[in-house]
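Read the structure below first, then the notes.
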Amino acid sequence: MKKEISRRNFIKGTAALTAGAALMGLAGCAEEKTPAPQEAPKSKHVKVAVFSPTEGTKNAAAMLAAKFSDDVEFADLTNATSRTEEVTFAAEDLAIVAAPSYGGQIPMIEGLFTNLKGDNTPCVVVCAFGNRAAENVYANIASIVSKQGFVVVGAIGLVTPHVFASVAKAGHSRPNVDDNKIMAEFAGKIMDKLNSGSIEAITIEGMPEIDFAKEISAAPKEFKAENCIQCGACAANCSTGAIDPQTLEIDETKCINCMRCSFVCEYNARSYDTAVKRDFIEGKLSAKKSVEYFI
Ligand SMILES: Cc1cc2nc3c(=O)[nH]c(=O)nc-3n(C[C@H](O)[C@H](O)[C@H](O)COP(=O)(O)O)c2cc1C
């Protein structure tokens, strides 16, 4: 069924940005006091399609979107049920399509982003990564959307909090003020390109196909039955529909270890034991990676 953008699945960008900026400790801080070197002319209507189980990708994409326009809409495609309706984009929109890096590729979900339909719509591809690497994420997203009416005019990798690391390590407090300046610079270059009438696709390095056999290492899950009130939030919000809404059992063949169940659980019943991963990641990934972009 072809359908215009569903308002139910969208939140207006300003609200998202405010929430994102507040989360990152940026609301009303240096970003406003120190003008970015290259402010993009804000004109486009921006539509952001995002997969973001623990909302790092969504917050980073909101910050980027605000560099292009004050008129931003979101299609949050994280819950399995949110990916059933077609989401259409007009030729004059700017699309932003964003996903996290899981082992250097997009999360292993059949059909992720295939419900997006462009009309020769310029598209910016975003990878959020936890201070390790984006690797094939740009190529994965570009390969999907370019078959669906989008022209990939740029790609950007934004460092976000690594879900396995503790606060202040491996991507925490990112995107920061410097990252915001690079985002503004990137947006300015993309807008210059679009305003010059050029919407040529860029060449993106990397493997376009998702490797569904790849072992993506994850932290062990924990479930505290004594804390669970059977509210069903974990099942309703599961990104792959892996949790049975009646029994709350997890089908491990469907689970991608995105940690959304622990993110949405308000009763500390669902969690992941990240201790071993945390030690490894904080040891290996202590040096801050930079934002990277391609135009
Ligand atoms: C299963 C899994 C694998 C991950 N693999 C990588 C990786 O290879 N490189 C990296 O930099 N970050 C990796 N991360 C960290 C995420 O990319 C980062 O935390 C991101 O912000 C998560 O997105 P979200 O907050 O929108 O859910 C991984 C996270 C998970 C859950």
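Rounded to the nearest 0.5 Å, atoms CD1 (Ile210) and OG (Ser143) are 8.0 Å apart. In this structure, CG in Leu77 is found 9.5 Å from OG1 in Thr114, a value given to the nearest 0.5 Å. Summarising the geometry, atom NZ belonging to Lys254 is positioned 9.0 Å from atom CG belonging to Asp244; distances are rounded to the nearest 0.5 Å. A distance of 8.5 Å separates CZ of Phe294 from CD of Glu205, quoted to the nearest 0.5 Å. Expressed to the nearest 0.5 Å, how far OG1 of Thr247 lies from CD of Gln230 amounts to 9.5 Å. From Ile141, atom CD1 reaches atom OG of Ser146 across 11.5 Å, with rounding to the nearest 0.5 Å.
Applying the side chain to side chain contact (heavy atoms under 4.5 Å, CB included) criterion to Glu266, with sequence neighbours excluded, gives no partner residue. With sequence neighbours left out, Ala61 forms a side chain to side chain contact (heavy atoms under 4.5 Å, CB included) with Val48, Ala98. Here Ala275 pairs with Asp273, Arg278 under the side chain to side chain contact (heavy atoms under 4.5 Å, CB included) rule; sequence neighbours left out. For Glu252, the salt bridge (charged side-chain N to carboxylate O under 4.0 Å, His left out) partners are Lys221, not counting sequence neighbours.
When all heavy atoms of Asn268 and Cys265 are compared, the pair lying nearest together is N-SG, 3.6 Å. Across Cys127 and Tyr138, no two heavy atoms sit closer than the pair CB-CE2, 3.7 Å. Nearest heavy atom pair, residue Pro208 against residue Asn140, reads O-ND2, 3.1 Å. Between Gly56 and Thr160 the shortest heavy-atom distance is O-CG2, 3.6 Å. Here the shortest heavy-atom pairing between Thr54 and Phe263 reads O-CE1, 3.4 Å. Ala49 and Phe113 make their closest contact through O-CE2, 4.1 Å (heavy atoms, listed as atom of the first residue, atom of the second, distance).
Judged by distance alone, the side chain of Lys47 and the main-chain N or O of Asp93 form no donor-acceptor pair under 3.5 Å. Side-chain N or O atoms of Asp76 include one that pairs as donor or acceptor with a backbone N or O of Thr78 at under 3.5 Å. Using modelled atom types, no side-chain atom of Asn180 and backbone atom of Val177 make a donor-acceptor pair closer than 3.5 Å. Proximity of a side-chain donor or acceptor of Thr57 to a complementary backbone N or O of Ala128 within less than 3.5 Å is not detected. For Lys117 (side chain) and Gln148 (main-chain N/O), no donor-acceptor pair under 3.5 Å exists by modelled atom type. The backbone N or O of Ser239 lies less than 3.5 Å from no partner atom in the side chain of Asn79, so there is not a single donor-acceptor pair.
Shown here is Glu222, whose CD atom has more than 12 heavy atoms of other residues, nucleotides or ligands within 6.0 Å. Glu215 CD: 12 or fewer foreign heavy atoms inside a 6.0 Å radius. With a 6.0 Å radius and a threshold of 12 heavy atoms from other residues, nucleotides or ligands, Lys214 has its NZ atom above the threshold.
Residues Phe223 and Arg270 meet the side-chain proximity criterion, which asks for heavy atoms closer than 4.5 Å. Contact check for Val291 versus Pro175: no side-chain heavy atoms found under the 4.5 Å cut-off. A heavy-atom distance below 4.5 Å is found between the side chains of Ile295 and Phe186. Contact check for Phe129 versus Val159: side-chain heavy atoms found under the 4.5 Å cut-off. Between Asn237 and Arg260, the closest side-chain pair of non-hydrogen atoms falls below 4.5 Å. At a threshold of 4.5 Å between non-hydrogen side-chain atoms, the residues Asn115 and Glu85 do not count as touching. For the pair Glu185 and Lys67, the minimum side-chain heavy-atom distance is 4.5 Å or more. Between Leu94 and Ser69, the closest side-chain pair of non-hydrogen atoms is not below 4.5 Å.
No continuous path of hydrophobic side-chain contacts links Ile204 to Met207 [ILVMFWY only; heavy atoms under 4.5 Å]. In this structure, Ile96 is a member of the same hydrophobic cluster as Ile199, with clusters built from ILVMFWY side-chain heavy atoms closer than 4.5 Å. A continuous path of ILVMFWY side-chain contacts below 4.5 Å connects Phe74 to Met183, so both sit in one hydrophobic cluster. Clustering ILVMFWY residues whenever any of their side-chain heavy atoms sit less than 4.5 angstrom apart, transitively, puts Ile202 in the very cluster that holds Phe150. Residues Ile216 and Phe51 share a hydrophobic cluster, clusters being chains of Ile/Leu/Val/Met/Phe/Trp/Tyr side chains in contact below 4.5 Å.
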Show every donor-acceptor pair shorter than 3.5 Å between a side-chain atom in residues 99-111 and any protein atom, with sequence neighbours excluded, or say none if there are none.
residue	atom	partner	partner atom	Å
Ser101	OG	Gly104	N	3.2
Ser101	OG	Ala133	O	2.8
Gln105	OE1	Asp211	N	2.8
Gln105	NE2	Asp211	O	3.0

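Residues in residues 130-159 take part in these salt bridge (charged side-chain N to carboxylate O under 4.0 Å, His left out) pairs, two or more places apart or across chains: Arg132-Glu135.
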Val124 vs Leu64, side-chain contact (heavy atoms from CB on, under 4.5 Å): CA-CA, chis, key distance, verdict: CA-CA 10 Å; Val124 166; Leu64 177 68; 4.2 Å; yes

Before you tell me yes or no, could you show the steps for Thr121 and Asp119 under side chain to side chain donor-acceptor pair (under 3.5 Å), namely the whole-Å CA-CA distance, both residues' side-chain angles and the distance that decides it to 0.1 Å? CA-CA 5 Å; Thr121 308; Asp119 178 14; over 6 Å; no

